[in-house]
Amino acid sequence: MELTAKSFKDKVLASPRPVLVEFWASWCLPCKQVEPTLKKLADAYRGRCDVYKINVDRNPTASRDYSIQGLPTFATFRDGKELERKTASQSEEELEGMIRRALAERGDGVSGEEQRIIEERLKDLGYL
Amino acid sequence: MSCFNANKTCWNCPAAVFKGNVDFRACGQSQDEIKAKLGDEGQIMIECARRPDLGYFEPSITFEQCPEWIEGEYGLQLKNMRVMILGMDGYLGWALALKLGRMGFQVSGIDNYTRRDTVAEKGAHTIVPIERMTERLHAASEIYGLNFNYRRMDIRERDHLAAFLDEVKPEAIVHYAEIPSAPYSMVDADHAIEVQDNNTLGTLGLLWLIKDIVPETSLIKLGTMGEYGAPLTGRPLFEGMFPADATLTWRGREWSLGGEITPRDPVSFYHVSKVQDTYNVYESCKYWWLRSYDVQQGVIYGVHTEETAKDPRLRTRFDIDEWFGTVINRFVAQAIAGIPLTIYGTGEQIKGFIALEDAMECMVRLITSPPEPGQYDVVNQVSGIHKLNEIAEIIAKVGKKHGLKVEIQRVENPRVETEVHPLEIVSRKLPRELGFNPTVLVEKEIDRVFTLLMQPELTSRIKEKAHTIMPKTRWTGEKKDSGVIEKYKPGEKTYGDHHGVLDTE
Ligand SMILES: NC(=O)c1ccc[n+]([C@@H]2O[C@H](COP(=O)([O-])OP(=O)(O)OC[C@H]3O[C@@H](n4cnc5c(N)ncnc54)[C@H](O)[C@@H]3O)[C@@H](O)[C@H]2O)c1
């Protein structure tokens with residue numbers, strides 16, 4: 001799950017799948033607490049959406065390139081572009097929502113009623 | 001099967017010294033500074049303080065791969081790891097020094113004997129006689145071949161402590177050196193101020209010294225379960241911070257509380273000093289990339305560790321007076337002296353406990369599994385929870401086996417505390433992440449205490465100081481005997497049916 005500034009390019013920007021990334025640091029208490037949730041989501045969405053972490057202190061270029069202003073920052077990426085970003089502790093539902101929105105935009109993994117709700121949300125967010 | 005700390009890496013190792021491109025605030029306000037400073041490759045490198053010949057490398061070697069980490073009694077341990085114990089002459093400090101020494105750690109320590117002095121101030125003494133430190137050191141060397149690097153020192157003497165830290169360069173520091181008594185902190189203004197000065201300012205000064213002299217060291221700082229209090233809502237006492245799935249809802253809106261420090265509700269000015277420590281330690285991890293475990297320890301009981309039982313000269317202290325005795329230790333002594341066990345108030349108070357030997361194992365596991373630089377972590381160190389009246393019943397039962405007729409008495413509670421309350425303690429990190437499994441049954445340890453204390457010379461030491469047992473120090477500031485509310489025989493009374501919960505899963 002742990003990325004470096006080098007592997008960020010391959011695993012996130014060049015990924016064929018949507019990706020959720022957490023920017024974290026060891027001194028950030030919410031970052032530590034969210035670990036089990038991230039592992040759970042990584043398992044639940046295996047093969048559909050990858051979940052990674054990158055430490056901003058250990059990889060300051062990543063922090064600079066993405067102008068990280070607070071921790072934890074969660075961001076979804078698709079086709080090398082950042083899709084959505086949230087800063088501060090998030091509940092599992094909110095993180096899962098980010099993943100589902102990233103998937104929905106590809107028409108992947110959800111269907112029917114769920115798809116309609118997600119599309120509405122995406123419109124609200126200005127993505128569609 | 002690989003052990004609990006096998007996959008930790010250089011990031012956790014106090015021998016790793018960071019080189020180059022280290023920025024303590026690589027987000028937020030220092031963006032512009034980083035931009036100015038960084039090239040394109042911002043990789044952090046380390047040098048191994050134990051193997052400088054390796055040059056600079058990426059900190060990715062696991063403990064299992066590293067030849068400096070070798071197999072020990074509980075998982076891997078850093079070869080000859082240098083551990084400094086602050087408060088080494090104390091109840092826990094001495095037992096830990098012996099255990100670490102026997103396990104191959106290089107132990108150093110300090111103490112200013114404030115515990116000996118304050119117990120003497122009360123007119124009390126340790127029931128298990130202890131030698132002067134010179135004799136203790138001599139015995140440790142004779143029996144186990146140990147060579148502790150010990151100095152008499154107050155942690156607030158910062159010049160002296162600085163020199164000692166610089167000489168030893170400890171890779172872990174166990175900080176026990178505080179005045180650990182709630183009643184002592186409630187005697188009067190002088191005592192309250194002395195406790196907060198000693199504990200809070202002592203710790204604050206220590207943090208600055210660590211930052212300047214040994215920033216890589218792993219600080220294992222003792223807090224107490226009493227920092228949390230006992231919230232009447234029954235909300236679980238999490239390990240320091242709220243978990244990620246805890247939320248706050250208010251007026252139809254919702255926020256994640258994940259990672260926020262949980263509210264503290266300390267129960268004396270001593271406990272307040274520990275809460276202040278908690279914030280000082282947390283902040284210094286955040287500001288300076290120090291690393292620390294803040295150990296919210298339950299009430300300790302018992303006398304036994306393999307090493308302290310080896311020779312009478314190696315025993316650790318054991319106090320029973322109203323100021324320094326902890327509840328189980330006090331009750332056993334009372335049972336032996338023929339004093340009805342002194343339950344404060346209803347006796348329905350629920351507390352978290354852990355036996356001395358189990359607590360020492362936890363400490364070794366924490367020492368051998370350092371947090372990452374910058375990481376402030378909290379563990380609840382508790383192996384069982386009991387109501388005070390239940391503890392009294394257990395002690396009466398074990399006492400009976402030793403031929404003692406034990407009575408119980410409820411006395412007016414000198415403290416200001418909630419006497420009937422729910423309690424749910426979360427203690428998952430030690431069992432789930434640090435491989436700890438309690439091995440000491442409460443009855444077994446109580447039995448060992450009876451066996452030791454019923455030796456005639458120890459029993460007479462209890463009787464000699466029987467007058468220090470009944471509480472006189474009230475939270476109101478008055479000095480007054482606590483009146484007896486009722487006296488009864490074990491098994492005679494039915495107790496409230498609420499019970500605490502210990503969540504280890
Ligand atoms: N025993 C328990 O039940 C219990 C429970 C929870 C937390 N704790 C904590 O664990 C730690 C150790 O407890 P203990 O029971 O061994 O107490 P203790 O009093 O026996 O040990 C503390 C030692 O530190 C020394 N000390 C105190 N202030 C000092 C200073 N300024 N400079 C140098 N040395 C100093 C004392 O002389 C003593 O020898 C304490 O911080 C205490 O608050 C203890």
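Atom set for the values below is all heavy atoms of this structure, side chains included, hydrogens, waters and symmetry mates excluded. Letters A, B, ... mirror the listed sequences (proteins, then strands); counts begin at 1.
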Could you walk me through whether B/Asp245 and A/Thr37 pass the side chain to side chain contact (heavy atoms under 4.5 Å, CB included) check?
-> CA-CA 8 Å; B/Asp245 50 358; A/Thr37 311; 5.6 Å; no

Mind running side chain to side chain contact (heavy atoms under 4.5 Å, CB included) on A/Asn55 and B/Trp11 for me, showing each step along the way?
-> CA-CA 12 Å; A/Asn55 186 301; B/Trp11 285 113; over 6 Å; no

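Put simply, CH2 on B/Trp289 and OG on A/Ser26 are 6.0 Å apart, with the number rounded to the nearest 0.5 Å. Expressed to the nearest 0.5 Å, how far CZ of A/Arg58 lies from CD of B/Glu58 amounts to 12.0 Å. Expressed to the nearest 0.5 Å, how far CD of B/Glu372 lies from NZ of A/Lys32 amounts to 4.0 Å.
At a 4.5 Å heavy-atom cutoff, the contact between B/Phe242 and chain A is made by backbone atoms alone. Contact of A/Glu92 with chain B is not made at all, since no heavy-atom distance falls under 4.5 Å.
For NZ of A/Lys11, the number of neighbouring non-hydrogen atoms (other residues, nucleotides, ligands) closer than 6.0 Å is 12 at most.
A pairwise comparison of heavy atoms in A/Leu29 and B/Tyr376 identifies CD2-O, 3.5 Å as the closest pair. Listed here is the closest heavy atom pair of A/Trp27 and B/Cys285: CB-O, 4.2 Å.
Counting only distance, with no hydrogens or angles, the side chain of A/Ser91 and the backbone of B/Ser256 share no donor-acceptor pair below 3.5 Å.
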